[in-house]
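Keep in mind that what you see is a predicted model, and the values were worked out from it rather than measured. Throughout, a chain's letter reflects where its sequence line sits, starting with A, and its residues are numbered from 1.
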There are 2 protein chains.
Amino acid sequence: MTHAPAPAITAADKTFYTLRTDIVEGRIAASSKLSEAELSTKYGVSRAVIREAISRLVSCHIVERKANIGARVVALTPEGLIELYQVRESLEGMAARLAAQNMTPAQIAELNTLLEQHAASVKDSQLYYQEAGDVDFHYRIIIGSHNSQLITLLTEGIYHLVRMYRVQLGMAGPRVTTAFAEHQHIAQAIANRDAELAEMLMRRHITYSRQNIEHKLHSPSTKLSLHNINKESL
Amino acid sequence: MTHAPAPAITAADKTFYTLRTDIVEGRIAASSKLSEAELSTKYGVSRAVIREAISRLVSCHIVERKANIGARVVALTPEGLIELYQVRESLEGMAARLAAQNMTPAQIAELNTLLEQHAASVKDSQLYYQEAGDVDFHYRIIIGSHNSQLITLLTEGIYHLVRMYRVQLGMAGPRVTTAFAEHQHIAQAIANRDAELAEMLMRRHITYSRQNIEHKLHSPSTKLSLHNINKESL
DNA sequence: TTCAATTACATTGTCGACAATATAGACCTA
DNA sequence: TAGGTCTATATTGTCGACAATGTAATTGAA
């Protein structure tokens with residue numbers, strides 16, 4: 001029950017993953033139109049394959065499609081980001097609660113090992129942590145919930161959208177060490193099988209994280225405010 | 001911002017809605033295989049249309065598909081039902097919280113009107129309520145959250161799955177009047193703009209509902225236990 | 001008989017062409 | 001010029017055919 005991320009078998013699979021990465025990483029701009037013919041030649045597959053890939057992006061909420069008009073990458077807006085974090089707070093809070101109940105001792109041990117590694121890298125270069133480490137930590141708790149609905153919603157839905165915002169806003173700021181302390185408290189609660197506390201701490205953690213991002217959005221020093229991004233629409 | 005349920009435009013749309021209804025209502029059995037050719041002749045459309053419809057069912061978690069093998073309707077299991085209710089508790093709790101913050105006075109008034117109608121019909125025939133009334137109430141609160149992510153996840157994801165369980169388990173039991181009282185308390189909290197309380201009450205309400213269903217599952221008097229359903233697989 | 005390999009069949013995945021719809025431009029009218 | 005209609009074009013939706021993969025049956029050998 002390791003919940004492996006399902007390798008790409010069919011051509012539509014590969015195209016879907018490629019397209020998703022290109023969009024999340026910003027190589028295909030937010031709010032831009034996705035022309036089936038254009039993508040078809042670009043990726044060297046038939047239109048049917050592109051259509052299927054786009055359909056799957058639609059179900060991830062990364063792309064929106066209107067009948068007979070076409071598909072567009074979603075727009076990145078402050079409201080959208082807040083909505084995402086509200087859903088995260090709700091779902092990941094429940095994930096932490098369930099993780100406290102359902103995680104195996106082995107999984108809990110692995111979680112602690114992960115945090116020890118983070119403790120080391122936080123001392124040296126703080127930048128490493130924020131990017132991969134944070135995602136790793138949350139990912140393990142989500143898996144630890146042992147609730148497949150929850151796992152699917154978060155890992156192949158919400159999380160790619162969150163990452164899209166993160167990447168395209170150039171998030172790598174501070175809040176590293178303080179977030180790390182929060183992670184430790186959450187892991188502690190899970191190890192103690194304290195479901196109530198685990199949920200509460202996780203919700204706070206995500207709320208703080210949201211407030212941090214909101215703060216960056218409103219401060220004019222941010223290199224990319226969301227209003228600037230939408231210029232490259234067409 | 002009424003969030004209309006998007007009418008069927010294209011043939012794939014109609015086929016998707018038709019298929020979804022047929023599955024939820026049980027006319028197509030749970031765990032049964034979906035043959036593209038077969039459905040193609042049955043609904044009188046090309047295989048491409050069927051494929052797209054199936055893809056959308058997959059994104060609703062109503063159907064599972066394996067590459068080069070085919071698609072099957074999801075199996076109905078006790079574990080799956082519990083997972084669903086855990087997600088519901090999480091998401092609808094948040095919806096109630098946000099509804100307390102964001103619902104317009106007009107929406108709150110409509111919610112109260114709805115409850116008054118329910119109060120009347122509960123007196124007369126209790127059966128009416130459970131089916132449509134419960135869904136209506138929850139639906140309005142979800143919409144009242146004004147969070148489009150949340151709305152989409154619940155109304156075109158979770159809810160159809162929940163309904164599939166309800167229909168195929170023949171749910172129409174008691175818990176009507178007591179659930180109605182809970183609804184009143186929730187509406188009260190929302191009217192008072194008490195977000196904390198609204199969330200807590202909604203979570204309790206869904207927990208009770210889950211326990212009620214679990215109870216029915218384990219009692220042998222239920223006309224359909226989930227173990228019986230899976231016989232008609234093939 | 002039992003197991004393995006091979007063959008034949010059925011089902012899904014992919015493709016290119018055609019039909020239906022939307023968009024942009026030309027043309028006409030007031 | 002402003003507005004509207006019509007035409008031309010581009011884009012999406014749908015279809016049937018072919019390729020690739022999985023599945024079951026058949027055959028053969030031990």
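Cation-pi check for A:Arg20 over A:Tyr17 is not met; the charged atom does not lie both under 6.0 angstrom from the ring centroid and within 45 degrees of its normal.
Spacing between atom CG of B:Leu39 and atom P of C:dT12 amounts to 9 Å, rounded to whole angstrom units. As a whole-Å value, the separation of A:Ile54 CD1 from D:dG13 C1' is 13 Å. Between the P atom of C:dA17 and the CZ atom of A:Arg47 lies a distance of 12 Å, rounded to the nearest Å. Whole-Å rounding puts the B:Arg51 CZ to D:dT14 P distance at 15 Å.
Without hydrogens or angle criteria, A:Asn212 side chain to A:Ser209 main chain gives no donor-acceptor distance under 3.5 Å.
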Give each protein N/O atom lying under 3.5 Å from an N/O atom of nucleotides 6-11 of chain C, with the pair distance.
none

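The residue A:Ala11 sits close only to the backbone: its heavy atoms come under 4.0 Å of sugar-phosphate atoms, none of a base.
Taking side-chain N and O atoms only, A:Ser46 has no distance below 4.0 Å to OP1 or OP2 of C:dT14. At D:dT12, none of the side-chain N or O atoms of B:Thr10 fall inside 4.0 Å of OP1 or OP2 (strictly under the cut-off).
A salt bridge between A:Glu38 and A:Lys33 is absent, with no side-chain N of the basic residue lying under 4.0 Å from a carboxylate O of the acidic one. Under 4.0 Å is where a charged nitrogen must lie from a carboxylate oxygen, and between A:Glu92 and A:Arg210 no such pair does.
No hydrogens or angles considered: a donor-acceptor pair under 3.5 Å links the side chains of A:Glu83 and B:Ser148. Side-chain contact annotation: B:Glu89 with B:Thr207, donor-acceptor N/O pair under 3.5 Å present.
Listed here is the closest heavy atom pair of A:Ile190 and A:Ile108: O-CD1, 4.2 Å.
Checked against the 6.0 Å centroid threshold, A:His183 and A:His205 count as a close aromatic pair.
At a non-hydrogen distance threshold of 4.0 Å, B:Ala67 from residues 60-67 of chain B come into contact with DNA chain C.
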